[in-house]
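Reviewing the structure listed below.
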Amino acid sequence: MTPFREQPAERQEALRTAYAAEMARQGSTCEMAEKIARFAAWLAPQGVSFGPEDLPPRRQ
């Protein structure tokens with residue numbers, strides 16, 4: 001599987017957009033660990049891995 005962070009920016013944006021459309025039909029969560037797990041599970045069949053290391057750095 002290819003890490004999400006190694007995908008080209010255009011591919012990352014396309015995946016985020018497709019995922020957002022999918023999640024609009026499902027229940028939401030505020031729990032970050034759950035959000036990461038859901039996104040990772042959705043990406044896996046597409047050959048893409050995702051973990052906390054793929055999150056952008058937090059702004060200070």
Side-chain angles (χ1 to χ4, degrees):
M1 295 224 287
T2 305
F4 186 80
R5 66 187 168 281
E6 293 180 10
Q7 300 290 320
E10 299 82 24
R11 175 78 172 136
Q12 287 183 15
E13 184 60 33
L15 289 167
R16 284 188 192 104
T17 300
Y19 180 71
E22 178 68 25
M23 288 298 103
R25 295 186 288 268
Q26 297 184 22
S28 62
T29 181
C30 292
E31 183 63 41
M32 183 57 71
E34 180 66 22
K35 289 179 180 184
I36 292 169
R38 288 181 184 185
F39 193 41
W42 185 83
L43 287 170
Q46 300 174 69
V48 178
S49 64
F50 188 88
E53 65 279 359
D54 292 300
L55 294 172
R58 294 186 75 150
R59 294 182 193 179
Q60 303 271 327

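Keep in mind the model is a prediction, meaning the values are calculated, not measured.
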Requested in this report: Could you tell me which non-hydrogen atom of A21 sits nearest to which non-hydrogen atom of R25, and how far apart they are?
Outcome: O-NH1, 3.5 Å
Requested in this report: List the atom of S49, the atom of P3, and the distance in Å for their closest heavy-atom pair.
Outcome: OG-CA, 3.3 Å
Requested in this report: Mind running salt bridge (charged side-chain N to carboxylate O under 4.0 Å, His left out) on R38 and E34 for me, showing each step along the way?
Outcome: CA-CA 6 Å; R38 288 181 184 185; E34 180 66 22; 3.0 Å; yes
Query raised in the report: Apart from Y19 itself, what residues make up its hydrophobic cluster when side-chain heavy atoms of I, L, V, M, F, W and Y under 4.5 Å apart count as a link, directly or indirectly?
Result: F4, L15, M23, M32, I36, F39, W42, L43, V48, F50, L55
Query - From T2 atom OG1 to R11 atom CZ, the distance as rounded to the nearest 0.5 Å - result: 9.5 Å
Query raised in the report: Ignoring hydrogens and geometry, is there a side-chain-to-backbone donor-acceptor pair from Q12 to Q7 under 3.5 Å?
Result: yes
